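Report on the following structure.
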2 protein chains.
Amino acid sequence: MVTLAEVAEHAGVSASTVSYVLSGKRSISTRTRERVERSIEQLGYHPNAGARALASSRSNVIALMMPLRTDMYVPVMMEIAIAVATSARAHGYDVLLLTGDEGPAAVRRVAGSGLADAMILMDVELDDERLPLLRDSARPAVLIGLPSDTAGLTCVDLDFVATGALCVEHLAGLGHRDIAVIGEAPAVYERHTGFAERTLEGLRGRARDLGVRLLHRPCDPGYGPTSATLARVFDERPGTTGFVVQNESAVEPLLGLLRQQGRAVPEDVSVIAVCPDQVALQASVRLTSVSIPAEEMGRRAVERIVAKLAGDDADDVTLIAPELTVRASTGNAPG
Amino acid sequence: MVTLAEVAEHAGVSASTVSYVLSGKRSISTRTRERVERSIEQLGYHPNAGARALASSRSNVIALMMPLRTDMYVPVMMEIAIAVATSARAHGYDVLLLTGDEGPAAVRRVAGSGLADAMILMDVELDDERLPLLRDSARPAVLIGLPSDTAGLTCVDLDFVATGALCVEHLAGLGHRDIAVIGEAPAVYERHTGFAERTLEGLRGRARDLGVRLLHRPCDPGYGPTSATLARVFDERPGTTGFVVQNESAVEPLLGLLRQQGRAVPEDVSVIAVCPDQVALQASVRLTSVSIPAEEMGRRAVERIVAKLAGDDADDVTLIAPELTVRASTGNAPG
DNA sequence: GGGGCGAGTCGAAGCGCTTCGACTCGCCCC
DNA sequence: GGGGCGAGTCGAAGCGCTTCGACTCGCCCC
């Protein structure tokens, strides 16, 4: 391993000068800077991360806490993770991958050891057990998701309440009076996952405002559960003409089942999904959807973290406004 | 931040004694050890990661290089990543998340800076540009995937050649003489991704041996491309009765399309998939499949890395034998 | 009863950086 | 012409650990 001292010797300057060339914290003459840069290049020098962290008390690492479970929104999680990693690198940070199963202990460990300067948390529950620790911690944190009480926290999320409202509005505007919601797996609601609860809140609120009947049914992933859920819906509300789907793995099964039952989309039944654009476009009917801006969520979270590490200590909630794209799966209610 | 020196003072011992309690590298009396452990507990001490890395030249971090692209096997990638993170923690390591877009530069940076002690690489191409660097590097590395030339490298992968062979064998054994392969996206083959090419090799080889006709068609993700690919297949080979699907996003569309065409599965057409068990079980027909053991791949990669970090410097290739599970989507060829 | 040995503990050095204070030197200004 | 100032550079200290050598002490053995 090449050290800074070796670079200094090679360039004929002191170690501190090399350090200042690297950090730019003091002015260096062009002549010296170029000489040092040439030595760095020639020797293939990379600053030792541990030494740098120890001396500066900055690791230049951001921890990302991902859910361990893979029962929901896998592509969204993955896209967020990749966006976080990519944006972090663009700001000079690396990303440490933590899984949610370590829980609060991971927060303590990472904060205490200086492994990371800050953390980003995904899969936030309404009353998440990691929150008290984050509020106390000296290290900045950003949540991707929204707990019940956001006081003292910085959050980035899609505005899922508005998302739910938007879906009902769109369907109601087309004349649908009986709307069914195919939701996430029951387990997702049982642990009070923020986005699922908030979407429901938005759906119900607007349905009430507009005098539309709303039936919500959680749905385990896959064809079988979707089929059972659909049967139950038509059993309880035979007049259902509008569907809101917030469950990626139910999308294609639902479309296939409706086709089999001879219900045309959108002539007989309208379907709107809350999902990434990619899913909406790859389905067998091009879906009207509210997109989940995973890349933007990851990127914005990193931007907030970087700002906080640079001294901005405001806590705030960034809600991304939902965008509804009308495609081929929604139309006027029949009759 | 609490330091080791503060723990030492609190416990009334020297700093080195605390260090030896932590590492267990020298014997410590039970009395002293318990006193130190109590102080650590009471003060909430966490060793500083940077200082530890600097002094020991070990970061206890494993770098995981993931593909940036999300055009294939997202759930598999995600499951591997989670398995790597979980197993790494079980062995006392943390995981640094790198994306593939930094390429060889990332390998140099991580190795040179001591950010990580070792690395795991995913999404390996047959002639991957990162390989020469890995062969030279002093730091251990494990590939999840298989390049053309494995000399000087340690790899873990499903035996995709055997996987391909197994699929053809199963269908041929049921009397199918015309088999079509719905493959990954064209881009996956264009960049010579190891697993895709190897599966094809296995499929073709065994088809030749058994005198079965094989038609391979790459397929972009989604319903539209699957539909077009299927039409092309039946156009070129109207007698096709067996399908091998190695493309997760084509599975449900394919089943739906066959149903629409009035082709019963498995009475008229047999379908076998190469995919995680979860996908096979959630499809509209319970699929006969060769499973992709993502969790095992991630775990084994970590085990090999940990062994190498402990001094085992053997290079070897771990090929996981494929397992075929017969479910409801394959049966005797018609007629 | 003295020598040797292992268990247990300590002190100091060193890992490779950053950063602070101090120094030199040339220029500009009154 | 002397004082002040900013640009440019250096040396030393210090960040919080690990690890090596050395020391003490009690026990066991011949």
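Each chain gets a letter, A, B and so on, in the order the sequences are listed, and its residues count up from 1. The model shown is predicted, which means the values in this text are computed figures rather than measured ones.
One can place CG of A/Leu4 at 14 Å from P of D/dG11, the figure rounded to the nearest angstrom. Residue B/Arg58 contributes atom CZ, which lies 10 Å from atom P of D/dT19 at whole-angstrom precision. As a whole-Å value, the separation of A/Arg31 CZ from C/dC25 C1' is 16 Å. One interatomic measurement links the two molecules: CG of A/Leu43 to P of C/dG16, which rounds to 15 Å at whole-angstrom precision. Atom-to-atom, CZ of B/Arg35 to P of C/dG8 comes out at 14 Å; the value is rounded to the nearest Å. The CZ-P distance, from B/Arg52 to C/dG16, rounds to 18 Å in whole Å. We find that CD1 of B/Ile40 is positioned 13 Å from C1' of D/dC17, with the value rounded to whole Å. Per the geometry, CG belonging to B/Asn60 stands 10 Å off P belonging to D/dT18, to the nearest Å.
A/Lys308 and A/Asp313 are not joined by a salt bridge, as no carboxylate oxygen comes within less than 4.0 angstrom of a charged side-chain nitrogen. A salt bridge between A/Asp312 and A/Arg304 is present, with a side-chain N of the basic residue lying under 4.0 Å from a carboxylate O of the acidic one. Taking 4.0 Å as the cut-off between side-chain N and carboxylate O, B/Arg108 and B/Asp136 do not count as a salt-bridged pair.
Both B/Ser29 and B/Leu54 lie close to DNA chain C; mapped to their nearest nucleotides by heavy-atom distance, the more 5′-ward contact belongs to B/Ser29. Between A/Val2 and B/Ser14, the residue anchored closer to the 5' end of DNA chain C is B/Ser14, taking for each the nucleotide with the nearest heavy atom.
Residue contacts shown for A/Ser27 include a base, since a base heavy atom lies under 4.0 Å away. Among the protein residues, A/Thr32 comes within range of the sugar-phosphate backbone only, with heavy atoms under 4.0 Å from sugar or phosphate atoms but none that close to a base. Using a 4.0 Å heavy-atom criterion, one finds that B/Ile28 contacts the sugar-phosphate atoms exclusively. Looking at heavy-atom distances under 4.0 Å, A/Thr3 makes contact with sugar-phosphate atoms alone, never a base.
With distances taken from any side-chain atom of A/Ala55 to the nucleotides D/dG16, C/dT9, C/dC17, the minimum falls on C/dC17. Between D/dG11, D/dG16, D/dA22, one nucleotide has an atom nearer to the side chain of B/Arg26 than all others, and that is D/dA22. In this structure, of C/dC10, D/dT18, C/dG8, it is C/dC10 that holds the atom nearest to the side chain of B/Thr17. Closest approach to the A/Asn48 side chain among C/dG8, C/dG16, D/dT9 is made by C/dG16 (side chain taken as heavy atoms from C-beta onward). When the nucleotides D/dT18, C/dC10, C/dC17 are ranked by their closest atom to the side chain of A/Ala51, C/dC17 comes out on top. The side chain of B/Ser19 has D/dT18 as its nearest neighbour among D/dA12, C/dC17, D/dT18.
Of the possible donor and acceptor atoms, none in the side chain of B/Ser137 sits under 3.5 Å from a partner among the backbone N and O of B/Leu133. Between the side chain of A/Ser39 and the backbone N or O of A/Arg35 there is at least one donor-acceptor pair closer than 3.5 Å. Of the possible polar contacts, none joining the A/Arg33 side chain to the A/Val21 backbone as a donor-acceptor pair under 3.5 Å is found.
When the side-chain nitrogen and oxygen atoms of A/Lys25 are compared with OP1 and OP2 of C/dT19, one or more of them lie within a distance under 4.0 Å.
Donor-acceptor pairing under 3.5 Å, judged by distance alone, is present between the side chain of B/Tyr20 and the base of D/dC20. Within 3.5 Å, a donor on the side chain of B/Ser16 pairs with an acceptor on the base of C/dG11, or the reverse.
Within a 6.0 Å radius of CD in A/Glu9, no more than 12 heavy atoms belonging to other residues, nucleotides or ligands are found.
Checking A/His192 against A/Glu197 by side-chain atom types alone, a donor-acceptor pair falls below 3.5 Å.
Scanning DNA chain C for stems, defined as runs of 3 or more consecutive Watson-Crick or G-U wobble pairs whose donor-acceptor distances all fall under 3.5 Å, gives the following ranges: C:1-30 with D:1-30.
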